[in-house]
Amino acid sequence: MLDKTYEPQNKENLIYKKWEENHCFKPFSDSNKNSNKENFTIIMPPPNITGQLHIGHALNNTTQDFLIRYKRMKGYNTLWIPGTDHASIATEVKIIEALKKEGLSKEKLGRDEFLKRAWAWNDKYGGRIKLQLKTLGCSCDWDRCAFTMDEKRQKSVLDVFKKLYDEEYIYRGEKLINWCPTCKTALSDAEVEHIDENSSLWYIRYPYADKSGYLVVATTRPETIFGDVCVAVNPNDERYKDKIGKNVILPILNKEIPIISDDYVEKDFGTGVVKITPAHDFNDFEVGKRHDFQPIKIMNLDGTMNDYCGKYSNMDRYTCRKQLVEELKSLDLIEKIEPYNLPKATCYRCHNAVEPMMSKQWFMKMQDMAELGLEAIDNKELEIVPNRVQKIYRNWLENIKDWCISRQLWWGHRIPAYYCKDCGNTMVEINKPSACTKCGNKDIVQDSDVLDTWFSSALWPFSTLGYPDETDDLNRFFPTSILVTAQDIIFFWVARMVMLSKKIMGKTPFSKVLINGIVRDDEGKKMSKSSNNGVDPIEIIEKYGADSLRLSLLFGNGTGNDFRFSEEKILEDRKFINKVFNSGKFLELVLSQTTETKLDKTKLNIFDKWIYSKLFDAIEEINKLIDNLDICQAVNKMYSFVWDEFCNYYLEFSKPYVYSNDPNVRANACAILKDIYLNILKLLHPIIPFITEDIYSNFTNELLINQSYASSIGYFKKETEDVEKIISLIQKIRETRLSYNVIPSKRITLIVNKNNVSETSLNIINEAKLVLSKMTNIEKIDILDNIDSDSIKFVTELGEFYFYKYEVVDTEKEREKINKDIEKINSEIKILEIRIFNPNFISRAPQQLVEKEKLRYEYLLNSKNSLEEKLKNLK
RNA sequence: GGGAGAUUAGCGCAGUUGGUAGAGUACCUGCCUUACAAGCAGAGGGUCAUAGGUUCGAGUCCUAUAUCUCCCACCA
């Protein structure tokens, strides 16, 4: 028995448990190894264990669950693998924050203790994330749940690292890298965020060594002058042409450095003179390399100045800047200071300024990899929806640089490189070597660094399936079907998965990527882990149920478009769920009042045939839309079919039959109603799985999740057209009644003009008599030859109809109404005339359209004439 | 500096090969009609940002412009 109103709170958990107990989330192939059903596989983007899921995750996972449930019901061998990501740097930052509150630091704790904390953190937050996903209704296979740092994934990482090292794609070297002085680790280019900062441009005088005056250098980073190796001008700059090759004196250090020329220098910026600091600027590094200068390091890894900087050593970089500028001022070496906006490089995790530093790190060669990534797009092995995102992907790969993969962190995959303490030999091995392969020394130490968290993420599509072992899963499910993710990790993750899958597995990891939009809060601000305006989906689910949240996330949200989340929208959308629930209650009521239901598909009335046709259309359209990944439109179609066609019309149509006195009619009517309704539950199950499953269990003993997707017995053209005509008649009657202010409870007579309504139309009307009277409160239908001229006339496709004037009256209203109708028709006629009297239109537009418009024009003229006549006759 | 997206009814949005603008919600009118007032039946409301262009025909294609949002980027 269904409750009085739907109470999702207490039921959803139980339903989820039932699904799990019945192994509903497993691929068919688990129980039937010979299953030859086509696979449909999704690997979940693993949420970071830094915290809990927010609405953005809910959108992402609802979309995946929608696709998985749909495909499962479509008969695919579906597998959805869930998982979580250790999120190396992000989690480490969080743990350090937590330690700080306890007055601890990671150094005080030591590596082993710190890692214990990290694993505990994983238990807590990873566990919570899984719970959140279950609460949302995600039908993923929890037995296959993966964690980027669990044993199996460690194995994958070690294997791939060694493979790429052996093939010389991975190398170690000292290069200029992005360094976060706060997190005290190297970062990749992708992990650096640029923000605009109000700063200054300092114009500093560099005196010529021959005391013939000075050169003015404009810089945004005065504190780096300690590292200057030269100053550079453009070779074509007339102002400085004769100065090239001369020396200037570097202020403070009083060291002579040369003036060189390089194309990199823009004549028009600043003074046209650039100081070159190769060890702390990416451009300067390149210039320095071209001119054979040794970089001079001037900073420590914590962002303070190093011993090279004399009295400024050990001073924070920004303090140094302030004091240095003061000193330069006192030496009269500052020409001027201008306000200047510069993009400041910051760490994507701690948001502090990143420093380019010379450092020995591990890198992955990316040139060949990028080719693989581009090839995937070029050869259409990979399609990104919406299409525009492909450009972003392509652009990044075309400008890629080698990937710095080592991090000076503790929480992560430790790099499997071992160094001989004696001879310095480097060995990359999956297991620690017992002795140096070169000198035999047993004193071997492992590299203390860990890998960029995105290294393990990049292997996700095959590491989750068991790589490097040749598992059944890997053979069966790789490559996967589709990746659903957000746009902001297209470089971090998507591109790298494609590259590494192609490199390691020889195949693109998925053929489609569906990008879901960014979720914003109700003020339009981006919801994110870092900006802390995230809403916990659990809170929303506790209030409104998971189905309401899911529906709201998918309804009216265009593919790839940003989505504004509000509780208000949930309240609006959940009305639909209530509607579904109540129509189920109606079915239950009807079934309770009949002893027998028997579906006889040979005995369908026109309304049954109409609803089956509508169902047929709806399913066809929905299938097509989902295949095109247009989930928004698909949900829209479900909505309008269920509410407009089924609830508003078919339920009403069915009432005379389900309450019929003829037990045979009744049995069949009930059976059909049930059949249609159960199909609706199937149709809706991918969006609102809980309530549909719950209602379904009231009518059958089977689980809805296991059923085949909705289907209709067929399409009946003639009956469908007939019922459409009846619907227009119903609407016309209602409209006319209302326009004459006939109160709904008043039962009136419908007059049919025998001369004007065809035999077939009469048959249709006759078949719909009961329905008509119920839906428009018509007491009886008079079929007349002679109709009083003052009767109230209205026209539909079925012919001319009237009301007795004495039943509806009010001449003034009538006049007003006719005039309004004429006006409406006139404006349409005008538009049509422009078209059909245009010879160009006649000759160039499709003939079919021309014919259609001409017919419409004639129809309108006729209608207009009859209305005008009516107006004349109105007394 | 480069690129992408957005601009449609009061509001938040949909509109996929160009053919007379759509749903939801709000507002207005009338209804507690035995599934549902989280409802039913109706009505109103839009020069589809602006200006040009292509076309018989443009919300839809092209070119500018404006406003907003996002991404990328080493002009010191």
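Order of the sequence lines sets the chain letters (A, B, ...), proteins ahead of strands, with each chain counted from 1. Since the structure is predicted, the reported quantities are computational estimates derived from the model, not experimental observations. What you see below is based on every heavy atom in this structure, not just the backbone, and it leaves out hydrogens, waters and symmetry mates.
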Visitor: Can you classify the ring geometry of A:Phe653 versus A:Tyr649 as parallel (below 30°), tilted (30 to 60°) or perpendicular (above 60°)?
Guide: tilted
Visitor: Taking atom C1' of B:rA23 as reference, at what distance in whole Å does atom CZ of A:Phe555 sit?
Guide: 7 Å
Visitor: Do A:Tyr264 and A:Glu286 have side-chain N/O donor and acceptor atoms under 3.5 Å apart?
Guide: no
Visitor: For A:Lys637, report the nucleic acid contact type (base, sugar-phosphate, nothing); a contact means any heavy atom under 4.0 Å.
Guide: nothing
Visitor: Considering only NZ, NE, NH1 and NH2 on the basic side and carboxylate oxygens on the acidic side, decide whether A:Glu621 and A:Lys624 come within less than 4.0 Å.
Guide: no
Visitor: Looking only at side-chain N and O atoms, does A:Asn399 come under 4.0 Å of OP1 or OP2 in B:rC72?
Guide: no
Visitor: Nearest nucleotide by nearest heavy atom, which residue falls closer to the 5' end of RNA chain B, A:Leu832 or A:Ser583?
Guide: A:Leu832
Visitor: Set out, line by line, the N/O atom pairs under 3.5 Å between protein and nucleotides 2-13 of chain B.
Guide:
| from | atom 1 | to | atom 2 | distance (Å) |
| --- | --- | --- | --- | --- |
| B:rC13 | O2' | A:Gly556 | O | 2.9 |

Visitor: Are A:Tyr348 and A:Glu191 linked by a side-chain donor-acceptor pair shorter than 3.5 Å?
Guide: yes
Visitor: Rounded off to whole Å, could you give me the CD1-to-P distance for the A:Ile195 and B:rC70 pair?
Guide: 14 Å
Visitor: Please list all pairs passing the side chain to side chain donor-acceptor pair (under 3.5 Å) test where one or both residues lie in residues 627-646 of chain A, with sequence neighbours left out.
Guide: none
Visitor: Going by the rule ring-ring contact (aromatic ring centres under 6.0 Å, His included), which residues pair with A:Trp403 if we only count those two or more places apart in sequence or in a different chain?
Guide: none
Visitor: Could you check which of B:rA41, B:rC74, B:rU16 has an atom nearest any side-chain atom of A:Gln633?
Guide: B:rU16
Visitor: Does B:rG30 have its OP1 or OP2 closer than 4.0 Å to a side-chain nitrogen or oxygen of A:Lys746?
Guide: no
Visitor: Would you state whether a donor and an acceptor, one from the side chain of A:Lys585 and one from the base of B:rC36, lie under 3.5 Å apart?
Guide: no
Visitor: Can A:Asn236 and A:Lys267 be counted as having a side-chain donor-acceptor contact under 3.5 angstrom?
Guide: no
Visitor: OP1 or OP2 of B:rC74 sitting under 4.0 Å from any side-chain N/O of A:His194?
Guide: yes
Visitor: For RNA chain B, determine which residues of residues 198-206 of chain A have any heavy atom closer than 4.0 angstrom to one of its atoms, and list them numerically.
Guide: none
Visitor: Mind checking which stems touch RNA chain B? I mean at least 3 consecutive Watson-Crick or G-U pairs, both distances under 3.5 Å.
Guide: B:1-7 with B:66-72, B:28-31 with B:39-42, B:49-53 with B:61-65
Visitor: Check this for me: does any side-chain nitrogen of one of A:Arg856 and A:Glu858 sit under 4.0 Å from a carboxylate oxygen of the other?
Guide: no
Visitor: Pairs in or reaching into residues 221-233 of chain A: which pass salt bridge (Lys or Arg N to Asp or Glu O under 4.0 Å), with residues at least two apart or in two chains?
Guide: A:Arg221-A:Glu223, A:Arg221-A:Glu355, A:Glu223-A:Arg321, A:Asp228-A:Lys275
Visitor: Write down the distance separating the P atoms in B:rU7 and B:rU50, rounded off to the nearest Å.
Guide: 13 Å
Visitor: Is any side-chain N or O of A:Asn628 under 3.5 Å from a base N or O of B:rU16, one able to act as donor and the other as acceptor?
Guide: no
